[in-house]
Amino acid sequence: MNKVIITVVGKDTVGIIAKVCTYLSENNVNVLDISQTIVQEYFNMMMIADIDKASAPYEEIYTQLEKIGEEIGVKIKCQREEIFTKMHRI
């Protein structure tokens with residue numbers, strides 16, 4: 001399995017989850033786990049996804065998610081699981 005960690009942070013608006021999940025679905029990216037919270041008016045979401053069968057390479061997914069974030073006014077980051085794990089090791 002080729003996992004990525006996708007984080008979305010920003011001011012809450014209608015359709016954030018729909019926009020991100022629609023893009024992932026259209027590119028055959030399987031969402032394995034998802035957690036989202038809203039604190040006051042701020043949205044925070046973390047997803048674990050499998051890109052093994054993705055129709056686009058990781059670099060394109062990374063770039064497109066950042067672009068979607070800019071369009072909807074949030075910050076979207078996509079990191080390979082092994083990099084994310086190493087960066088957040090205690």
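Residues take their numbers from the sequence shown, with the count starting at 1.
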Qualifying salt bridge (Lys or Arg N to Asp or Glu O under 4.0 Å) pairs with a residue from [range], counting only residues at least two apart or across chains:
{"range": "residues 66-78", "value": "E66-K77"}
{"range": "residues 12-31", "value": "none"}
{"range": "residues 30-58", "value": "K11-E41"}

Hydrophobic cluster partners of [X] (side-chain heavy atoms under 4.5 Å):
{"X": "V9", "value": "none"}
{"X": "Y42", "value": "none"}
{"X": "V39", "value": "none"}
{"X": "V8", "value": "V4, I6, I16, I17, V20, Y23, L24, V29, V31, I34, I38, F43, M45, M47, I51, Y58, I61, Y62, L65, I68, I72, V74, I76"}

* Straight-line distance of L32 CG to K3 NZ, nearest 0.5 Å -> 6.0 Å
* At what distance, to the nearest 0.5 angstrom, does CG of N28 lie from OG of S55? -> 6.0 Å
* Quick one: do I5 and M46 satisfy side-chain contact (heavy atoms from CB on, under 4.5 Å)? Show the steps, please. => CA-CA 7 Å; I5 310 298; M46 182 174 178; 3.6 Å; yes
* Asked: Is a side-chain donor or acceptor of S25 paired with a backbone partner of C21 at a separation under 3.5 angstrom?
  -> no
* Asked: What residues form a side-chain contact (heavy atoms from CB on, under 4.5 Å) with E59, not counting sequence neighbours?
  -> P57, R80
